[in-house]
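Below: one structure, written as structure tokens.
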Amino acid sequence: MSDFISARGIKRGLSYLVVGGWALFSVFFVVWVVLASLKKNRELFGSPLSIPTSPQWGNFVKTWVNNRFGDYFLNSLLVTSVSVVAILIVAVPAAYVLSRGRFRGREALSSFFAFGMGVPFPLLFVPLFVMMASMRLADTLTGLTIVYVALSIPFTIYVLEGFFSSLPSELESAAVIDGCSDVQVFRHVMLPLAMPGVATVAILNFVGLWNEYQLSLVLINSPENRTLSLGIYSLITSMQYSGGDWASLFAGVTIVMVPTLILFVILSEKMISGITMGGVK
């Protein structure tokens, strides 16, 4: 018995060590990028691990204005926000019906959405571009938003379906006995209970779409329609010809990181509770 307890304690200790080490590395990386964005290029390469002696806030102004990161930020915010709202409008009721409904073909439909999660995005680049071009939606934020919504729905439905399945059916039955229709049961009973799961998929989709690069690279060509990920790429490309302004590059990376960090800090508790409650399917 004591050997079992000790072995279990060693495994738990190793797990904590790995997770703690990864967390420390992530925090160190984020802090280092922020500090690097406040240095001059000479100071950045001369003492990369030191605290800036004189913070260069002008790096952010230069990146935001001269490198047009202000426009890219608004494009990313618009596309990501609209995409997340549209994803939730489609996926939340669909996941509820697939998890609580009883009709012919329900399991096949659920498997179809699960299969959609396994399709590699690179296989879709050519047909997506041809389709968007034929609809005159290529190189537009509208077309990029439509693609984001379509490709994010399978994952969102899969996660929410498992979450709705974990909710107690007694509350649903009680609401039906009280005279609620199916829509009223969903809106007034099940949806409020599912808000931690909805918040979880909203955060995951926001972070994933905010940092998305490949689809936007294929579908967006005009500089005025670039997202932040494309802005970082264009800044790296321009550095090959104009010299290495690494401080401005790190300022751009910081601008990309800030919204997701704020989102995690504010909604991390709901996301954790949503993942925990939806873990049983």
Please give the remaining members of the hydrophobic cluster of [X], linking ILVMFWY side chains under 4.5 Å, ordered by chain and number.
X	answer
Val31	Val27, Leu35
Ile51	none
Phe25	Trp22

Once you round to the nearest 0.5 Å, how far does [atom1] of [X] lie from [atom2] of [Y]?
X	Y	atom1	atom2	result
Phe155	Leu160	CZ	CG	9.0 Å
Trp32	Leu49	CH2	CG	8.0 Å
Leu124	Leu151	CG	CG	6.0 Å
Tyr72	Leu230	OH	CG	8.5 Å
Asn41	Ser248	CG	OG	7.0 Å
Thr53	Leu38	OG1	CG	11.0 Å

Can you list the steps and then say if Ser110 with Glu161 is a side-chain contact (heavy atoms from CB on, under 4.5 Å)? CA-CA 9 Å; Ser110 297; Glu161 187 180 351; 2.9 Å; yes
side-chain hydrogen bond (donor to acceptor under 3.5 Å, both in side chains): pairs with one or both residues in residues 142-157, sequence neighbours excluded: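 Those involving residues 142-157 are Tyr148-Glu212, Thr156-Asn205.
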Tell me, which pairs form a side-chain hydrogen bond (donor to acceptor under 3.5 Å, both in side chains) where one or both residues lie in residues 54-63, sequence neighbours left out?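 As it turns out, the side-chain hydrogen bond (donor to acceptor under 3.5 Å, both in side chains) pairs with a partner in residues 54-63, which skip direct neighbours, are Lys62-Asp245.
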With Ile262, which residues qualify under side chain to side chain contact (heavy atoms under 4.5 Å, CB included), at least two apart?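 Side chain to side chain contact (heavy atoms under 4.5 Å, CB included) check on Ile262 returns Val258, Ile266.
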Residue list, side chain to side chain contact (heavy atoms under 4.5 Å, CB included) with Met131, at least two apart or on another chain: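 Met135.
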Got [X] and [Y] here, is their nearest side-chain heavy-atom distance under 4.5 Å?
X	Y	result
Ser234	Arg226	yes
Thr140	Met132	no
Phe69	Leu235	yes
Thr227	Ile220	no
Val207	Asn211	yes
Phe163	Thr200	no

Which atom names give the shortest non-hydrogen contact between [X] and [Y], and what distance separates them?
X	Y	result
Phe250	Ala36	CD1-CB, 3.7 Å
Val198	Val201	O-CG2, 3.2 Å
Ser99	Phe164	OG-CB, 3.0 Å

Apply side-chain contact (heavy atoms from CB on, under 4.5 Å) to the pair Phe125 and Leu215, showing each step before the final yes or no. CA-CA 7 Å; Phe125 288 165; Leu215 291 171; 3.7 Å; yes
Does [X] share a hydrophobic cluster with [Y], counting links as ILVMFWY side-chain heavy atoms below 4.5 Å and allowing steps through other members?
X	Y	result
Val33	Phe45	yes
Phe115	Ile153	yes
Phe112	Val159	no
Phe186	Met195	yes
Phe73	Ile236	yes

Could you pull out all residues at least two apart from Ser47 that satisfy side chain to side chain donor-acceptor pair (under 3.5 Å)?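 Ser47 satisfies side chain to side chain donor-acceptor pair (under 3.5 Å) with Ser50 only.
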My understanding is that only residues two or more places apart in sequence, or in another chain, count here; which of them pass side chain to side chain donor-acceptor pair (under 3.5 Å) with Asp139?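 Partners of Asp139 by the side chain to side chain donor-acceptor pair (under 3.5 Å) criterion, ordered by chain and then number, come out as Ser222.
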Output, in order, the C-alpha distance, side-chain angles, deciding distance and verdict of side-chain contact (heavy atoms from CB on, under 4.5 Å) for Val218 and Leu128. CA-CA 9 Å; Val218 172; Leu128 279 176; over 6 Å; no
Please report, to 0.1 Å, the donor-acceptor pairs under 3.5 Å made by any side chain of residues 83-98, with sequence neighbours excluded.
| unit_1 | atom_1 | unit_2 | atom_2 | d |
| --- | --- | --- | --- | --- |
| Ser83 | OG | Val79 | O | 2.6 |
| Tyr96 | OH | Glu172 | OE2 | 2.9 |

Sequence neighbours excluded, every pair satisfying salt bridge (charged side-chain N to carboxylate O under 4.0 Å, His left out) that has a member inside residues 68-93: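 Those involving residues 68-93 are Arg68-Asp71.
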Show every salt bridge (charged side-chain N to carboxylate O under 4.0 Å, His left out) that has at least one partner inside residues 33-57, sequence neighbours left out.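 Found none.
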Are the ring centres of Phe206 and Trp210 closer than 6.0 Å?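 Ring centres of Trp210 and Phe206 closer than 6.0 Å.
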Looking at Ser216 and Tyr213, would you say the former's side chain and the latter's main chain have a donor-acceptor pair under 3.5 Å?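 Checked: pair present.
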Return yes if some donor-acceptor pair links the side-chain N/O of Thr260 with the main-chain N/O of Met257 below 3.5 Å, else return no.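 Pair found, side chain donor or acceptor close to backbone of Met257.
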Could you check whether atom CH2 of Trp246 has more than 12 heavy atoms from other residues, nucleotides or ligands sitting under 6.0 Å from it?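 At most 12 heavy atoms, drawn from other residues, nucleotides or ligands, come within 6.0 Å of this atom.
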Counting only heavy atoms not in Phe60, do more than 12 fall under 6.0 Å of its CZ?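 Enclosed: over 12 neighbouring heavy atoms sit under 6.0 Å from CZ of Phe60.
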